[in-house]
Amino acid sequence: AEDVYGGAEFTISSDPSAVVLFVQGHAVQSSVTHSMRLFGDGRLEVTVTGQAPVPDRRVTQLDKTAQQDLVGIAVRHGLPEWDTTRIESEKAIALKGQHLATADGYVVTVMIALETYRRGDRQLEGVVKKMSVTSPATAVEYFPEIQEFRGIHELQLYLERALQAQRLYS
């Protein structure tokens, strides 16, 4: 697949109260939700809800490079330009009328907030995008040409690694 978004540049808020990236994973058949929030000051908060009466929350600090790298996963897979209509039509073309069975019903939701975004002659300010994909791993397999699914899957894997590092997930 062509690297369409590779040259994209972005800036994020440095405000400690601003959430610049949010990733949540939720299995439909379970009450447990995993999530992470990246704040403007580099704090990464990972949370597990639904396992215990009180959500289990851990916070780590990312340096500037790690923070840029994490948001960069979303940016270099085109999530700031997410367009549901275009993605649905690309899926329909790829499926050629077949029905895609999503086995696990695991829904990943991503929200990204950028102060500025630039790709080629496209310049945007105050970009906020939110999207949900069911079974990103399956989506990547069936639709390898849709970069956005790969980005959401990579963010899901990052979330899982962050939870494992905090011993919140096995």
Side-chain angles (χ1 to χ4, degrees), residues 1-26 33-47 60-98 100 102 106-163:
E2 180 193 354
D3 186 10
V4 186
Y5 303 107
E9 296 170 25
F10 66 95
T11 59
I12 53 176
S13 172
S14 56
D15 180 344
S17 65
V19 176
V20 296
L21 181 70
F22 171 78
V23 181
Q24 174 183 285
H26 177 76
T33 299
H34 301 118
S35 65
M36 68 179 180
R37 291 194 297 173
L38 177 65
F39 293 91
D41 61 357
R43 279 175 304 125
L44 182 68
E45 177 188 88
V46 292
T47 308
T60 51
Q61 183 67 42
L62 299 186
D63 64 23
K64 269 278 177 265
T65 306
Q67 190 182 12
Q68 289 282 328
D69 287 349
L70 175 50
V71 177
I73 294 172
V75 171
R76 71 168 188 272
H77 290 95
L79 300 189
E81 297 185 44
W82 177 273
D83 176 346
T84 303
T85 309
R86 178 180 57 77
I87 287 168
E88 286 304 316
S89 72
E90 284 183 22
K91 271 173 62 175
I93 291 163
L95 281 171
K96 299 179 185 73
Q98 301 166 333
L100 173 63
T102 47
Y106 192 78
V107 179
V108 176
T109 300
V110 173
M111 185 284 299
I112 182 171
L114 305 175
E115 282 192 336
T116 63
Y117 174 80
R118 192 168 64 114
R119 182 173 70 86
D121 43 12
R122 231 189 153 139
Q123 298 212 24
L124 305 169
E125 287 187 21
V127 178
V128 178
K129 288 279 182 165
K130 186 176 179 185
M131 64 229 62
S132 293
V133 172
T134 302
S135 312
T138 308
V140 166
E141 203 179 306
Y142 277 82
F143 311 107
E145 65 291 336
I146 301 179
Q147 288 286 319
E148 292 85 346
F149 290 161
R150 195 169 298 142
I152 290 172
H153 186 234
E154 274 191 38
L155 289 169
Q156 176 190 348
L157 296 174
Y158 189 105
L159 169 61
E160 288 171 8
R161 288 193 302 272
L163 290 161

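Remember, it's a predicted structure, so these values are computed and weren't measured experimentally. Throughout, residue positions are numbered sequentially from 1 according to the sequence presented.
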Candidate pair F143 and I87, rule side-chain contact (heavy atoms from CB on, under 4.5 Å), full reasoning: CA-CA 10 Å; F143 311 107; I87 287 168; over 6 Å; no
State, to 0.1 Å, how close A74 and L21 come at their nearest heavy-atom pair, and which atoms those are. CB-CD1, 4.4 Å
CD (E90) and CD (E88) are apart, to the nearest 0.5 Å, by 10.0 Å
Could you tell me the separation between the CD atom of Q156 and the OG atom of S135, rounded to the nearest 0.5 Å? 8.5 Å
So, applying side chain to side chain donor-acceptor pair (under 3.5 Å) with Y117, which one of E81, R122, Q123 is it? E81
Do side-chain atoms of Q24 reach the backbone of R37 as a donor and acceptor pair under 3.5 angstrom? no
For E148 and K129, what are the C-alpha separation, side-chain angles and deciding distance, and is it a salt bridge (Lys or Arg N to Asp or Glu O under 4.0 Å)? CA-CA 12 Å; E148 292 85 346; K129 288 279 182 165; over 6 Å; no
Flag the pair L62 / L38 as yes when at least one side-chain heavy-atom distance between them is below 4.5 Å, and no otherwise. yes
Just so I know, are the side chains of I93 and E145 near enough to count as touching, which here means a heavy-atom distance under 4.5 Å? no
Is a donor on one side and an acceptor on the other found under 3.5 Å between the side chain of R150 and the backbone of H77? no
Got V128 and M111 here, is their nearest side-chain heavy-atom distance under 4.5 Å? yes
Nearest heavy-atom contact between G151 and I73 is O-CG2, 3.9 Å
Closest contact, heavy atoms only, S35 versus F22: CB-CE1, 4.0 Å
Measuring from T109:OG1 to H26:NE2, what's the distance to the nearest 0.5 Å? 9.5 Å
Do V127 and I112 have side chains that approach each other closer than 4.5 Å (heavy atoms only, starting at C-beta)? no
Walk me through whether V20 and F39 qualify under side-chain contact (heavy atoms from CB on, under 4.5 Å). CA-CA 6 Å; V20 296; F39 293 91; over 6 Å; no
Do L159 and V108 have side chains that approach each other closer than 4.5 Å (heavy atoms only, starting at C-beta)? no
In short, G25 meets Y106 closest at the heavy-atom pair CA-OH, 3.3 Å
How about K130 and W82: do any of their side-chain heavy atoms sit closer than 4.5 Å? no
Quick check against the 3.5 Å criterion: does T11 have a side-chain atom that pairs as donor or acceptor with the backbone of T116? yes
For V133 and A139, which heavy atoms make the closest approach, and how far apart are they? CG1-CB, 4.2 Å
Which value, rounded to the nearest 0.5 Å, describes the distance between L163 atom CG and R161 atom CZ? 11.0 Å
Distance from E160 atom CD to L155 atom CG, nearest 0.5 Å? 11.5 Å
Pairwise side-chain contact, I12 with Q68, heavy-atom cut-off 4.5 Å (strictly under): yes
Measure across P136 and I152 and return the closest heavy-atom pair with its distance rounded to 0.1 Å. CG-CG2, 3.9 Å
Side chains of Y158 and V23: closer than 4.5 Å at any heavy-atom pair? no
